[in-house]
Peer 1: 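Shown below is the structure under consideration.
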Amino acid sequence: MNDLKIFSGTANQTLAKRITEFLDVPLGDVALGKFPDGEISCKINEDVRGRDVFLIQPTCPPVNENIMQLLIMIDSALRASAERTTAVIPYFGYARQDRKSGSRTPISAKLVSNLITNAGADRVLTVDLHAGQIQGFFDIPTDNLFSAPVFIKDIKERHNGEDLVIVSPDVGGVVRARAIAKRLDADLAIIDKRRERAGVSEVMNIIGDVRSQHCILVDDIVDSAGTLCNAAVALMEAGAKSVSAYVTHGVLSGGAVARVSASPIESLVITDSIMATEAVRVSQTVRQLTIAPLIAEAMRRISEERSVSSLFD
């Protein structure tokens, strides 16, 4: 681990510090700032020549600024002769724009992937991509970690002995929900919904029996929380005993936290892939779990050229 150097952008320094504490490696010194016209400045204040460099920067809000900061840090490491540069992106912004949604629309996830690759990154490490095929957008090795082990441990501790049903809030999340249901030996249900326009969803049908069951919604991203809240209402109307939710990336924009607090959701558990806002910190409904040990172990294995996939065997 002596050749390992870890630096963090400004997007989530709390997570970066937790990762370095787990690895017992100091967080590297990088000076990030802005010029008077808003351009981002960066200077790595340590020797990284021939080193294995990891740059931790989720591309969460402000998304564009954090992406640009990551690109500039990658270029700084490249020009400082780092042996290998790994972009650690716990939350990959633009992931929901992974296909053409209509005529004359971009595939922005591919564009951002190209930017990261062309900036000089040798490898990408991320967590719970919105769509697994986004790995193929990168022309460099990409490791997509899963938060499922963190969630499963917490569910076992807090819901032990309860009659559980793991619920996917849409058809696209069935694989994720099924994997967790299998590990918990729980039943699976699916919410069939129709999205009329971006940010607005309508619950149409519930596939599976949720009567008198404790339902746990599982998803990768919660933004406006409309989907989760609508799903929770539908589950309770279908006879569920309670509804909780486990979501990897808590974007929680606008009044999402208040919306969750006013819904039938008893608790929303998110990870620290995105730094908690003040609304999240004071909420009695939203709770954060750390994924720092998971990311740190993956970084250790990458540095030591060991298997990452075996983390989930």
Side-chain angles (χ1 to χ4, degrees), residues 1-8 12 14-25 27 52-60 84-92 95 113 116 121-138 140-159 166 168 173-186 216 218-221 246-250 269-274 287-313:
M1 301 290 286
N2 291 334
D3 289 333
L4 185 66
K5 286 283 188 179
I6 302 173
F7 300 92
S8 173
N12 195 343
T14 301
L15 175 61
K17 289 175 182 176
R18 289 171 179 164
I19 291 171
T20 55
E21 288 171 2
F22 185 88
L23 290 172
D24 195 23
V25 173
L27 187 62
D52 198 3
V53 173
F54 290 82
L55 305 173
I56 302 172
Q57 177 81 334
T59 52
C60 50
R84 179 174 64 181
T85 302
T86 301
V88 181
I89 313 172
Y91 169 69
F92 181 65
S113 303
I116 292 169
D122 297 295
R123 194 178 194 100
V124 168
L125 176 63
T126 187
V127 181
D128 276 340
L129 283 171
H130 183 62
Q133 62 266 25
I134 293 175
Q135 286 179 282
F137 290 178
F138 291 94
I140 53 178
T142 303
D143 294 298
N144 182 29
L145 305 180
F146 305 106
S147 60
V150 178
F151 286 163
I152 289 168
K153 180 182 177 182
D154 191 76
I155 292 170
K156 286 181 176 179
E157 290 175 353
R158 292 180 176 267
H159 299 275
I166 305 301
S168 173
V174 170
V175 173
R176 182 183 302 104
R178 184 188 292 122
I180 292 178
K182 183 177 180 181
R183 294 279 297 273
L184 293 170
D185 195 23
I216 297 180
V218 176
D219 210 351
D220 63 321
I221 300 172
Y246 283 75
V247 183
T248 306
H249 308 297
V269 181
I270 59 176
T271 75
D272 57 354
S273 65
I274 297 174
R287 181 165 55 91
Q288 263 195 336
L289 298 176
T290 184
I291 51 171
L294 177 67
I295 296 176
E297 183 58 30
M299 289 168 58
R300 187 199 305 275
R301 292 181 181 216
I302 289 171
S303 183
E304 296 174 352
E305 303 293 349
R306 294 192 291 130
S307 171
V308 174
S309 61
S310 61
L311 273 170
F312 306 101
D313 291 341

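This one's a predicted model, so the numbers in the text were calculated from it and none came from an experiment. Only this structure's heavy atoms are used, side chains among them; waters, hydrogens and symmetry mates stay out.
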Peer 1: Could you tell me if the side chain of D154 sits less than 4.5 Å from the side chain of R287, heavy atoms only?
Peer 2: yes

Peer 1: To the nearest 0.5 Å, how far apart are CG in D52 and CG in D3?
Peer 2: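 Those atoms lie 7.5 Å apart.
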
Peer 1: Donor-acceptor pair, distance only, cut-off 3.5 Å: does the side chain of Q288 make one with the backbone of I274?
Peer 2: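 Yes, the answer is positive, given that a donor and an acceptor are paired below the 3.5 Å cut-off.
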
Peer 1: For the residue pair M299 and I6, establish whether any side-chain heavy-atom pair is separated by less than 4.5 Å.
Peer 2: yes

Peer 1: Examine distances only and state if a side-chain atom of T20 and a backbone atom of K17 form a donor-acceptor pair shorter than 3.5 Å.
Peer 2: yes

Peer 1: Testing the basics here: between P149 and F312, what is the closest heavy-atom pair and its distance to 0.1 Å?
Peer 2: CG-CD2, 3.9 Å

Peer 1: Is there a side-chain contact between R84 and I302 in this structure, where contact means two heavy atoms from C-beta onward sitting under 4.5 Å apart?
Peer 2: yes

Peer 1: Would you mind reporting whether L311 and F146 have side-chain heavy atoms less than 4.5 Å apart?
Peer 2: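 SC-SC contact between F146 and L311 ruled out.
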
Peer 1: Taking side chain as C-beta onward, heavy atoms only, is V308 less than 4.5 Å from L145?
Peer 2: yes

Peer 1: Do R18 and E21 sit within salt-bridge range, that is, some charged N less than 4.0 Å from a carboxylate O?
Peer 2: no

Peer 1: Look up atom CZ in F138 and atom CG in D143, then write down how far apart they are to the nearest 0.5 Å.
Peer 2: 11.5 Å

Peer 1: Nearest heavy-atom pair of I166 and A177: which atoms, and what distance?
Peer 2: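 Looking at all heavy atoms of both residues, the closest pair is CG2-O, 3.6 Å.
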
Peer 1: When you measure from the side chain of D122 to the backbone N and O of T86, does any donor-acceptor pair fall under 3.5 Å?
Peer 2: no

Peer 1: Between S310 and R301, which heavy-atom pair has the shortest distance, and what is it?
Peer 2: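 That would be OG-NH1, 2.6 Å.
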
Peer 1: Look up atom OH in Y246 and atom NE2 in H159, then write down how far apart they are to the nearest 0.5 Å.
Peer 2: 4.0 Å

Peer 1: Is any side-chain heavy atom of L294 closer than 4.5 Å to one of F22?
Peer 2: no

Peer 1: Using every non-hydrogen atom in the two residues, find where L27 and A16 come nearest and quote the distance to one decimal.
Peer 2: CD1-CB, 4.2 Å

Peer 1: Kindly compute the distance separating CZ (F54) from CZ (R300), expressed to the nearest 0.5 Å.
Peer 2: 11.0 Å

Peer 1: Do you know the tightest heavy-atom contact between A296 and L23?
Peer 2: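 Looking at all heavy atoms of both residues, the shortest contact is O-CD2, 3.4 Å.
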
Peer 1: If we count only N and O atoms by modelled type, under 3.5 Å, do the side chains of N12 and Y91 hold a donor and an acceptor together?
Peer 2: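 Result is no, nothing qualifies.
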
Peer 1: Quick check for you: to the nearest 0.5 Å, what is the distance between T85 atom OG1 and F7 atom CZ?
Peer 2: 10.0 Å

Peer 1: Please list, one pair per line, the donor and acceptor atoms closer than 3.5 Å that link side chains of residues 125-137 to other protein atoms, with sequence neighbours excluded.
Peer 2:
from: T126; atom 1: OG1; to: I89; atom 2: O; distance (Å): 2.6
from: D128; atom 1: OD2; to: S147; atom 2: N; distance (Å): 3.3
from: D128; atom 1: OD2; to: S147; atom 2: OG; distance (Å): 2.6
from: D128; atom 1: OD2; to: T248; atom 2: OG1; distance (Å): 2.6
from: H130; atom 1: ND1; to: D220; atom 2: OD2; distance (Å): 2.7
from: Q135; atom 1: NE2; to: T142; atom 2: O; distance (Å): 3.1

Peer 1: Can you measure from CD1 (I180) to NZ (K182) and round to the nearest 0.5 angstrom?
Peer 2: 13.5 Å

Peer 1: Which heavy atom of S273 sits nearest a heavy atom of H249, and at what distance?
Peer 2: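 Distance-wise, the nearest heavy atoms are OG-ND1, 2.8 Å.
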
